There are 2 protein chains.
Amino acid sequence: METSDLKKAGLKVTLPRMKILEILENSETRHLTAEAIYRELLDSGEEIGLATVYRVLTQFEAAGLVCRLHLEGNQAVFELERGGHHDHIVCNQCGRVEEFFDETIETRQREIARQHGFSIKDHALVLYGDCDDSACPHRPV
Amino acid sequence: METSDLKKAGLKVTLPRMKILEILENSETRHLTAEAIYRELLDSGEEIGLATVYRVLTQFEAAGLVCRLHLEGNQAVFELERGGHHDHIVCNQCGRVEEFFDETIETRQREIARQHGFSIKDHALVLYGDCDDSACPHRPV
DNA sequence: CGGCTCGATGATCAAGATTCTCATTTCTAT
DNA sequence: ATAGAAATGAGAATCTTGATCATCGAGCCG
């Protein structure tokens, strides 16, 4: 379970942390802003401060439990780290986020970095487009 | 010249706008924050407000004269739109930004988007790494 | 189980980036 | 030149995120 992951990271197992993990696990979209997590906690009757949400998410990120994404908006979104690296496609209309992984792109990135004399440490790739209408509700969030 | 570009975009030709274009054109790094442009204007004796810099850059972006990049930092950087699309490599040590274009990656992106039922409109790809030491000064900015 | 110690929390404040407001100035067309 | 509209500058406002600090609770020890 996750309590062990928390302890492994040197973090006490507290209610706010459990609740936040729970929300990240059960989220439909799997990509949530700190605000969204905060509101969901308030709605379910928890007494939590927004500062705690940000603090905990930052700690989770440092512990490798969570990834922080900077999409076009001004807010970062957080997703549970499930092991595999992946990049993202975002629908401009409904905000839906899908994940993908492509070895061809990964390989080319390494080659390009090498050509430029860089040792690549990380990368951020986000595709923006419109998803097909049938599957695209009007801004669900 | 650029005055025609400004007029074409429905923007009056004013001193602040000309100066900002000039700085973007003559910049060594080609990738500047709004703050950096503002400071450069102040240093050269112009009386300009930071709000104007942001306002003008946003208008330039809407007019397609300028691109806004969101790198890892919290500030956006702006670069003159010179026609060719490209992506970026950023050095984690010195902040240097280099540009590249790779048709293989572009093609794969379109294919991936299609597989996911997205019509891709845009994308953001940034590689982060360390550039080779000899060419990497210690944080020049 | 009761208490101790230190990390965790929540409320508020603060910082940094960007945008808004509005009175004043500057273009541009006439 | 002049009127009308758009642009500017200064500062306030906003939004997201991190910091502060007094209080609280988790984990450990007896």
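Since we're looking at a predicted model, the values are computed, not measured.
- With rounding to whole Å, B:Arg39 atom CZ is found 14 Å from C:dG16 atom C1'.
- A side-chain N or O of A:Glu103 and one of A:Thr107 form a donor-acceptor pair less than 3.5 Å apart.
- When the P atom of C:dT18 is taken as reference, atom NE2 of A:His70 falls 13 Å away, rounded to whole Å.
- Side-chain contact between A:Asp5 and A:Leu21: absent, with no pair of heavy atoms (C-beta onward) separated by less than 4.5 Å.
- In summary, contact between chain B and DNA chain D, defined as any nucleotide atom under 4.0 Å from a heavy atom of the protein, begins and ends at D:dA5 to D:dG11 in the 5' to 3' direction.
- In the model, B:Glu99 has a side-chain atom that pairs as donor or acceptor with a side-chain atom of B:His31 under 3.5 Å.
- The separation between A:Arg17 atom CZ and C:dG10 atom P is 11 Å, rounded to whole Å.
- In the hydrophobic clustering (ILVMFWY side chains linked at under 4.5 Å, chained through shared members), A:Val126 is joined by A:Leu69, A:Leu71, A:Val77, A:Val90, A:Val97, A:Tyr128.
- Spacing between atom OH of B:Tyr38 and atom C1' of C:dA17 amounts to 14 Å, rounded to whole angstrom units.
- Between B:Thr14 and C:dC27 there is no side-chain polar atom (N or O) within less than 4.0 angstrom of OP1 or OP2.
- Side-chain polar atoms of B:Glu106 and B:His85 form a donor-acceptor pair below 3.5 angstrom.
- Between the side chains of B:Thr52 and B:Arg17, no donor-acceptor pair is found at a separation under 3.5 Å.
- With a 4.5 Å cut-off on side-chain heavy atoms, A:Met18 and A:Leu6 count as touching.
- Within residues 40-50 of chain B, the residues having any heavy atom under 4.0 Å from DNA chain C are, by residue number, B:Leu50.
- The separation between B:Lys7 atom NZ and C:dA29 atom P is 7 Å, rounded to whole Å.
- Comparing C:dG16, C:dC27, C:dG10 by their closest approach to the side chain of B:Lys12 singles out C:dC27.
- Using five terminal pairs a side, the axes of the helix from C:dC1-D:dG30 to C:dT30-D:dA1 at its two ends make an angle of 30°, given in steps of 10 degrees.
- Heavy-atom minimum distance, B:Ile20 versus B:Leu41: CG1-CD1, 3.9 Å.
- For DNA chain D, the neighbouring residues in residues 53-64 of chain A, judged by any heavy atom under 4.0 Å, are A:Tyr54, A:Arg55, A:Thr58.
- At a threshold of 4.0 angstrom between heavy atoms, the contacts of B:Ala76 are confined to the sugar-phosphate backbone, with no base atom among them.
- A salt bridge does not link A:Glu111 to A:Arg114: none of the charged side-chain nitrogens sits closer than 4.0 Å to a carboxylate oxygen.
- A:Gln93 places none of its side-chain heavy atoms less than 4.5 Å from the side chain of A:Cys131.
- Residues A:Ala51 and A:Glu35 both approach DNA chain D. Their nearest nucleotides, taken by heavy-atom distance, put A:Glu35 toward the 5′ side.
- Side-chain N or O atoms of B:Ser27 include none that pairs as donor or acceptor with a backbone N or O of B:Ile23 at under 3.5 Å.
- Taking 4.0 Å as the cut-off between side-chain N and carboxylate O, A:Arg30 and A:Glu28 do not count as a salt-bridged pair.
- Atom CG of A:Leu11 is separated from atom C1' of C:dG7 by 10 Å (rounded to the nearest Å).
- Under the 4.5 angstrom side-chain criterion for Ile, Leu, Val, Met, Phe, Trp and Tyr, the cluster partners of A:Phe118 are A:Ile89, A:Phe100, A:Ile105, A:Ile112, A:Ile120, A:Leu125, A:Leu127, B:Ile89, B:Phe100, B:Ile105, B:Ile112, B:Phe118, B:Ile120, B:Leu125, B:Leu127.
- Side-chain atoms of B:Asn92 and A:Asp122, non-hydrogen and from C-beta on, never get closer than 4.5 Å to each other.
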